[in-house]
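Following: one structure in structure tokens, then a few remarks.
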Amino acid sequence: MNRGTLRTGLRAAASLAAVSLFLVAGCSSTGTTAGTSSSKAANLAITFLPKNLGNAYFDTSDKGGKKAIDELGGKYAEVGPAAAAPDAQVQYINTLTQQGVGGIVVSANDKAAICDALTAAMDAKIKVVTYDSDTNPECRNLFINQATADGIAKVEVDMIAKQIGDSGEIAILSASANATNQNAWIDLMKTQLASSHPNIKLVDTVYGNDDDQTSFDKTAGLLSAHPNLKGIISPTTVGITAAARYLSTSSAKGKVFLTGLGTPNQMRQYVKDGTVTEFALWNPADLGYLAAYASAALIKGDITGKTGDTFTAGTLGKFTVGANNTVLLGDPYKFNKDNIDQFNF
Ligand code: RAM
């Protein structure tokens, strides 16, 4: 259980306001700068590249990354596309390679489309860490996984089964069609539904592209296409928030159950008004913080990313690289009306 981890993230969140002020003031880091240098100092210029900008989930995760990079005396930056399209991240990766950053921390919109660009970055001695959504394994040094895919699928299936009485039609409102993370979770949800919930029927899977309006419209579409729908699982913080907003003012409120992965701050009002009973997530700030420490450990040569390597991620403590060059943050955590006010992210 990552309750302790979540608490750590909350404390971190409190200090982020100060961090933001620092940024607004236009101060640059005192850490190592990008580019080749005659000095032997590690190049701790680490840039975060989320699926898209303007997504509260990545705002929080990348602030966690900034906190870690500040602790390390490095130079944090964040760049990214407006839309979570499969190859939209390629141009950013190419630019970062030309700039000679020390590390790229990326959440992939597509596991293959950014591979050539990442391989070129690694050829240029840049350390590549994926977090949140992985690429093909050969295109990065390490993947920082928020929770096991099986555990994420199970928590979502368990929540919807409980909410709809383990019987009836459900649909999935996902992120973009190529997203590595959501697609892995959806495959496992299908397996778990088939093996353990024979009376639940998955009738549709639609894609809101991690865009608020598209996700809102897809929710409306699901409800009109499936009049007997009893539940929606949205394994994306953008999707679940848009779906909750739609349901909260529709006649389906209280009849069609909604669960999935959301942030407490975005979902609070929908839990309080009865649109949503329970949803899950991990602490995105902890994920970004861990990814930044892993990136720095690779850059400094403390680890190579092989199974069994260990490193310390600041206040989160010690982590060990597991199979497939993957580091695991922890377990998913469930939020409901009894605990949601304890969280602020
Ligand atoms: C969205 C993104 C992200 C995912 C979360 C749950 O913010 O799709 O990749 O991990 O939802």
Side-chain angles (χ1 to χ4, degrees), residues 2 6 9 48-65 78 80-86 88-89 105-111 113-114 129-135 143-156 159 172-186 188-189 205-216 218 232-244 258-267 276 278-288 290-291 326 328-335 343 345:
N2 62 347
L6 280 158
F48 274 65
L49 175 50
K51 282 181 174 176
N52 54 348
L53 298 182
N55 176 344
Y57 172 87
F58 289 115
D59 291 346
T60 304
S61 65
D62 296 4
K63 278 180 188 164
E78 184 198 56
Q89 294 165 309
V105 180
V106 57
S107 171
N109 283 311
D110 183 299
K111 64 184 180 181
I114 61 173
V129 170
T130 50
Y131 73 127
D132 177 67
S133 182
D134 201 7
T135 53
F143 171 48
I144 312 302
N145 195 4
Q146 48 270 55
T148 64
D150 216 43
I152 294 170
K154 183 167 181 345
V155 76
E156 295 182 86
M159 288 187 298
I172 293 175
L173 168 65
S174 191
S176 56
N178 289 17
T180 324
N181 51 347
Q182 274 91 7
N183 285 347
W185 304 334
I186 290 169
L188 290 163
M189 285 195 263
T205 299
V206 296
Y207 300 92
N209 297 335
D210 271 350
D211 175 73
D212 177 70
Q213 189 61 46
T214 310
S215 305
F216 187 87
K218 293 283 179 179
I232 298 173
I233 300 176
S234 187
T236 142
T237 59
V238 179
I240 195 174
T241 307
L258 170 66
T259 191
L261 305 175
T263 71
N265 285 355
Q266 288 177 300
M267 295 301 290
V276 170
E278 193 167 55
F279 64 95
L281 198 67
W282 43 91
N283 189 329
D286 285 347
L287 184 67
L290 175 57
T326 295
L328 184 64
L329 175 64
D331 296 318
Y333 186 86
K334 287 193 265 188
F335 303 92
F343 301 96
F345 62 85

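Whatever order the structure lists ligands and atoms in, that order sets their numbers, starting from 1. Because only heavy atoms are used, hydrogens play no part in the values below, and waters and symmetry mates are left out as well, while side chains stay in.
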*Numbering the atoms of ligand 1 from 1, which are under 4.0 Å from a heavy atom of W185?*
10 (O)
*Under 4.0 Å to a heavy atom of F58 - the qualifying atoms of ligand 1, by number*: 3 (C), 9 (O)
*Should you measure from each heavy atom of N55, which atoms of ligand 1 turn up under 4.0 Å away?*
1 (C), 7 (O)
*Among all protein non-hydrogen atoms, which one is nearest to atom 9 (O) of ligand 1, and what is the separation to 0.1 Å?*
D132 OD2, 2.5 Å
_Note, I114 side chain near V106 side chain (heavy atom, < 4.5 Å)_ = yes
_Side chains of T236 and D210, donor plus acceptor under 3.5 Å_ = yes
*Decide yes or no for L49 and P81: does some side-chain heavy atom of the first lie under 4.5 Å from some side-chain heavy atom of the second?*
yes
*Parallel under 30°, tilted from 30 to 60°, perpendicular over 60°: which one fits the rings of F58 and Y131?*
perpendicular
_Ligand-side contact atoms (ligand 1) for residue partner T236, heavy atom cut-off under 4.0 Å_ = 1 (C), 11 (O)
*Is it the side chain (CB and beyond), the backbone, both or neither of W282 that lies under 4.0 Å from ligand 1, heavy atoms counted?*
side chain
*asked:* Looking only at protein heavy atoms, which one is nearest to atom 2 (C) of ligand 1, and what is the separation?
replied: D210 OD2, 3.2 Å
_Less than 4.5 Å apart, side chain to side chain, heavy atoms only: is that true for E156 and L261?_
yes
*asked:* With a heavy-atom distance limit of 4.0 Å, tell me whether T237 approaches ligand 1 through its side chain, its backbone, both, or neither.
replied: both
*Would you say the side chain of F343 lies within less than 4.5 Å of the side chain of N283, judging by non-hydrogen atoms?*
no
